[in-house]
Q: 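Pasting a structure here, questions to come.
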Protein chains: 4
Amino acid sequence: MDSHTENIAENVDRERPATKREQRAASIEALLGEALALFITQGYHATTVEEIAQAAGLTKGAVYFYFKSKANVLKALLDRTEELTIAPTIAAMASAGEDPEDRLSAFVRSQSVIGAEKTEYMLLAILMSAEFNGSGDEIEQRLNELMARMEDALRETVMTGQQKGVFRAEIGADELASVIMATNKGCYVEWYMRGSDLKGQDFARAFREFVFDGTVAR
Amino acid sequence: MDSHTENIAENVDRERPATKREQRAASIEALLGEALALFITQGYHATTVEEIAQAAGLTKGAVYFYFKSKANVLKALLDRTEELTIAPTIAAMASAGEDPEDRLSAFVRSQSVIGAEKTEYMLLAILMSAEFNGSGDEIEQRLNELMARMEDALRETVMTGQQKGVFRAEIGADELASVIMATNKGCYVEWYMRGSDLKGQDFARAFREFVFDGTVAR
Amino acid sequence: MDSHTENIAENVDRERPATKREQRAASIEALLGEALALFITQGYHATTVEEIAQAAGLTKGAVYFYFKSKANVLKALLDRTEELTIAPTIAAMASAGEDPEDRLSAFVRSQSVIGAEKTEYMLLAILMSAEFNGSGDEIEQRLNELMARMEDALRETVMTGQQKGVFRAEIGADELASVIMATNKGCYVEWYMRGSDLKGQDFARAFREFVFDGTVAR
Amino acid sequence: MDSHTENIAENVDRERPATKREQRAASIEALLGEALALFITQGYHATTVEEIAQAAGLTKGAVYFYFKSKANVLKALLDRTEELTIAPTIAAMASAGEDPEDRLSAFVRSQSVIGAEKTEYMLLAILMSAEFNGSGDEIEQRLNELMARMEDALRETVMTGQQKGVFRAEIGADELASVIMATNKGCYVEWYMRGSDLKGQDFARAFREFVFDGTVAR
DNA sequence: TATGAATGAGAGTTCATTCAT
DNA sequence: GATGAATGAACTCTCATTCAT
């Protein structure tokens with residue numbers, strides 16, 4: 001229906017959208033995009049609503065019109081993070097079959113790809129986890145749930161691998177899974193902070209080898 | 001009760017220091033200690049000068065009397081971080097001899113020990129790096145130098161190891177060193193955030209194995 | 001009772017008006033009704049245009065379409081207040097003849113009846129007088145005129161009564177009339193705020209006796 | 001100790017107080033005084049913290065330094081209201097003996113005197129009651145308690161008088177007491193809004209006669 | 001040595017209002 | 001006839017900082 005309308009009005013001006021629905025979508029997209037970039041580079045608290053609005057070519061009021069509060073902007077971004085990064089990774093692991101090595105491989109590959117394509121969303125979850133840790137905020141809870149979903153899937157895979165004798169068993173599953181996650185998160189942050197100095201292919205490969213060599217029993 | 005204690009512990013009264021010099025030192029110590037804990041748990045920006053002062057049993061004015069600014073409190077803590085964590089690790093690597101494996105081992109052990117004993121200082125450097133990243137602040141510069149000293153030492157060791165054929169050479173030294181640092185930092189943060197759920201021995205060991213198995217050529 | 005009225009007014013469908021004129025009238029009626037209730041319970045400034053609109057099942061824009069401004073909504077309500085409460089009371093006094101006691105009685109009865117039937121409109125005038133007092137607003141002027149009309153009629157009656165020797169004369173007419181008005185207003189507000197705890201008949205009677213016994217010479 | 005100091009430093013400058021304690025007291029006094037005037041003339045919500053501060057020759061920050069929130073400024077004023085107007089009136093009634101007429105007389109006289117001397121505090125309670133009515137605010141509760149104390153004392157006196165046959169008994173005690181309070185409150189507001197037009201002596205006398213003649217049985 | 005009063009810049013948020021559709 | 005996007009001014013509140021004492 002919507003696409004039909006677009007087909008008719010061929011050279012639709014995308015900067016000043018014709019319909020209200022389009023305008024709404026465009027504004028929300030602009031605001032979320034700028035907020036994502038700003039939250040990552042400056043942190044949530046150090047970013048002002050005014051900055052987000054101005055970066056999107058709007059005013060503060062527009063942010064509150066669409067999101068009601070600054071916290072809701074972050075929440076909307078976390079919804080996307082779940083959808084674009086957490087869920088795909090868990091799905092990739094699930095569809096990799098029963099073999100723990102395949103699952104770990106799926107995890108590592110999925111995160112590698114996301115790290116290349118959706119870096120910012122994953123980074124957001126990691127950085128906000130640190131910023132909101134211990135705040136008692138509702139967002140802290142949300143972030144914990146988000147990360148826990150991935151960590152749970154990882155821990156389960158690690159345990160299965162240990163039971164089957166393919167993953168190193170002298171270390172507790174919880175601790176091993178935690179170090180994997182730590183490496184994963186650490187690489188995201190490092191890549192973000194030093195990315196321009198590094199070769200992406202090499203960096204991603206090193207990350208994968210670390211996880212694999214560190215986890216698989218020899 | 002209090003006076004009784006005072007009578008016993010002759011002139012070393014730490015609660016009510018006899019001399020001005022001691023009082024000065026005690027106040028500074030209290031302020032820095034509380035600031036360290038608060039910066040880590042809440043972040044720098046989210047921590048108010050008032051909170052620091054109150055936690056130390058003083059008032060805001062005292063913070064400004066001793067440190068002139070909030071930023072200086074952090075700088076003082078970063079001085080200690082360098083002294084207590086960065087410098088010892090670099091020294092340990094230096095005194096490990098020429099063998100790259102020994103040096104890497106020294107790095108990994110040193111960080112392991114620090115992770116157990118001076119966690120907070122190292123954590124401070126890592127968390128503040130994230131918080132100040134891209135701020136253009138003078139502190140950002142200071143943090144970069146701090147971390148760079150450790151990363152430079154690590155990169156040099158990695159390069160030597162690659163040249164001698166003992167470290168995996170198919171990945172650039174810069175990228176390999178970065179993943180090591182990423183794992184290191186990631187483990188600090190993970191330990192800080194989930195420490196109570198994890199067995200420290202296992203976690204530290206997993207960290208060491210990750211770094212070793214991921215770095216050494218097979 | 002209400003459905004009976006509807007049965008008489010045959011095809012007056014108030015929920016989905018057939019003609020635009022009817023729709024217009026229905027929307028205006030809904031908006032004014034909700035605004036009246038909200039201004040009384042929350043005050044003018046504490047009531048938002050959005051609240052009024054939502055309560056009437058419309059959006060903010062509709063309020064501005066019909067009334068141009070929030071102030072105009074109040075002005076429209078004050079027009080009705082004059083028509084439904086002030087004017088009838090003055091008319092009742094006028095048609096009570098020349099006898100001051102009859103006139104006072106007409107005032108007191110009229111206000112008693114209005115207090116039972118049109119409480120909200122009279123209350124609006126009283127509460128808004130307090131809220132806008134000293135604001136320098138145009139509405140303040142409007143409210144002053146509204147109340148002055150009633151107070152003038154009352155003062156004149158009091159003066160006549162004093163001259164004829166039927167009302168107590170040791171107190172100035174202005175002051176006596178003011179205390180009558182004060183009692184009147186006070187009772188409206190008290191009834192509004194505590195109405196559910198009180199017996200209306202008794203309360204209204206006490207009001208009438210206060211005014212009469214306090215005014216008539218013994 | 002403090003008075004001793006004052007005695008020594010004879011011509012103490014009261015505009016720029018010497019000691020911090022004096023400065024604190026002076027600032028608080030100025031802020032509360034201006035807040036009282038503004039809350040009465042403009043209402044609580046229509047008064048900004050900035051206005052209060054400026055009127056007292058200070059800045060917004062000072063208000064928050066002393067009171068932590070705008071609501072606390074009002075609460076502090078309500079404490080004074082209780083102390084200066086409610087409590088004295090109840091005390092006057094209590095010390096008037098057992099005779100209901102004496103008690104009513106004490107109430108009416110006390111309120112008359114307060115109306116002349118502490119008008120603003122009593123007015124504050126009355127106006128804020130209207131403004132906060134139905135807000136669900138903590139302050140609403142506080143105001144209800146405040147007024148209830150006076151109303152309870154009044155109702156009890158009315159009941160006793162009715163039982164002894166000296167007050168008119170054909171009207172419920174609750175309703176009679178409510179009309180007395182309504183008259184009382186109405187007169188405060190009327191006096192405040194029209195005071196400059198009226199003779200205070202006459203107005204106060206009219207108020208007293210209204211209450212007495214309306215209450216006492218003939 | 002340390003306090004407490006006070007400031008001023010700026011944050012998040014609300015809301016009456018406008019206007020294209 | 002009515003909507004929904006967007007604005008801009010104003011509001012409450014926070015906080016690093018200064019300074020007289």
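Keep in mind that what you see is a predicted model, and the values were worked out from it rather than measured.
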Q: Dot-bracket, 5' to 3', for DNA chain F please: Watson-Crick or G-U pairs under 3.5 Å, [ ] where pairs cross earlier ones, | where the partner sits on another strand, dots elsewhere.
A: .||||||||||||||||||||
Q: Checking B/Ala56 now: which residues fulfil side chain to side chain contact (heavy atoms under 4.5 Å, CB included) with it, not counting sequence neighbours?
A: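 Result, side chain to side chain contact (heavy atoms under 4.5 Å, CB included) vs B/Ala56: B/Ala30, B/Leu31, B/Glu34.
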Q: Where along residues 68-75 of chain A does a heavy atom fall under 4.0 Å from DNA chain E?
A: A/Lys68, A/Ser69, A/Lys70
Q: Taking side chain to side chain contact (heavy atoms under 4.5 Å, CB included) as the test, write out the residues that go with A/Glu51, two or more places apart.
A: A/Leu38, A/Gln42, A/Thr47, A/Thr48
Q: What is the separation between atom CD1 on B/Ile52 and atom P on F/dC15, rounded to the nearest whole Å?
A: 12 Å
Q: Is any side-chain heavy atom of A/Asn133 closer than 4.5 Å to one of B/Thr41?
A: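 No. Closest side-chain heavy atoms not under 4.5 Å.
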Q: Does anything in residues 63-78 of chain A pair up under side-chain hydrogen bond (donor to acceptor under 3.5 Å, both in side chains), and if so which pairs, sequence neighbours excluded?
A: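 Sorted result for residues 63-78 of chain A: A/Lys75-A/Glu138.
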Q: Roughly, in whole Å, what's the span from CD1 in B/Ile139 to C1' in F/dA16?
A: 13 Å
Q: Any chance you could measure C/Lys60, atom NZ, to C/Glu50, atom CD, to the nearest 0.5 Å?
A: 5.0 Å
Q: Which one, F/dT18, E/dT17, E/dT1, comes nearest to the side chain of C/Tyr64?
A: E/dT17
Q: Do you know which two heavy atoms are closest between C/Thr81 and C/Leu124, and how far apart they sit?
A: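 Heavy atoms of C/Thr81 and C/Leu124 come nearest at OG1-CD2, 4.0 Å.
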Q: Taking only N and O in the side chain of D/Tyr66, is any of them less than 4.0 Å away from OP1 or OP2 of E/dG4?
A: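 The answer is no; no side-chain N or O of D/Tyr66 sits under 4.0 Å from OP1 or OP2.
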Q: Under the side chain to side chain contact (heavy atoms under 4.5 Å, CB included) rule, collect the residues that match up with C/Ala62, sequence neighbours excluded.
A: C/Leu58
Q: Are the side chain of B/Glu131 and the backbone N or O of B/Gly43 linked by a donor-acceptor pair below 3.5 Å?
A: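 The answer is no, because no donor-acceptor pair under 3.5 Å joins these two groups.
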Q: Could you tell me which residues satisfy side chain to side chain donor-acceptor pair (under 3.5 Å) with C/Ser129, sequence neighbours excluded, listed by chain and number?
A: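 Result, side chain to side chain donor-acceptor pair (under 3.5 Å) vs C/Ser129: none returned.
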Q: For B/Ser135, give me all partners under side chain to side chain contact (heavy atoms under 4.5 Å, CB included), at least two apart in sequence or on another chain.
A: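 Once residues adjacent in sequence are excluded, the partners of B/Ser135 under the side chain to side chain contact (heavy atoms under 4.5 Å, CB included) criterion are B/Phe132, B/Asp137, B/Glu140.
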Q: Strictly below 4.0 Å: does B/Arg24 bring a side-chain N or O up to OP1 or OP2 of E/dT1?
A: yes
Q: Kindly give the heavy-atom pair with the smallest separation between A/Ala76 and A/Phe67, and that separation in Å.
A: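 Taking every non-hydrogen atom into account, CB-CE2, 4.0 Å.
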Q: The criterion is side chain to side chain donor-acceptor pair (under 3.5 Å); which residues satisfy it with C/Glu29, sequence neighbours excluded?
A: C/Arg80
Q: Considering only heavy atoms, which members of residues 55-63 of chain B lie under 4.0 Å from some atom of DNA chain E?
A: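 Within residues 55-63 of chain B, the residues near DNA chain E are B/Leu58, B/Thr59, B/Lys60, B/Gly61, B/Ala62.
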Q: For the pair made of CD in B/Gln54 and P in E/dG4, what is the distance, rounded to whole Å?
A: 11 Å
Q: Starting from P on F/dA6, measure out to CG on A/Leu31 and report it in whole angstrom.
A: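 Distance, rounded to whole Å: 8 Å.
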Q: The criterion is side chain to side chain donor-acceptor pair (under 3.5 Å); which residues satisfy it with D/Asp79, sequence neighbours excluded?
A: D/Arg142
Q: Between the side chain of D/Glu120 and the main-chain N/O of D/Ile40, is any donor-acceptor distance below 3.5 Å?
A: no
Q: Is A/Gln23 close enough to E/dT21 that one of its side-chain N or O atoms is under 4.0 Å from OP1 or OP2 there?
A: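 It does not, given that no N or O in the side chain of A/Gln23 lies less than 4.0 Å from OP1 or OP2 of E/dT21.
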Q: Rounded to the Å, how far apart are A/Glu29 CD and F/dA5 C1'?
A: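 It works out to 17 Å between those atoms.
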Q: Using a 4.0 Å cut-off on heavy atoms, which residues in residues 38-51 of chain D reach DNA chain E? List them by number, or say none.
A: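 None - not one residue of the stretch has a heavy atom sitting under 4.0 Å from the strand.
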Q: Could you give the CZ-to-P distance, from C/Phe65 to E/dT21, as a whole number of Å?
A: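 Rounded to whole Å, this separation is 18 Å.
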Q: I need the CZ-P distance between D/Phe67 and F/dT14, as an integer number of Å.
A: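 Roughly 15 Å, once rounded to whole Å.
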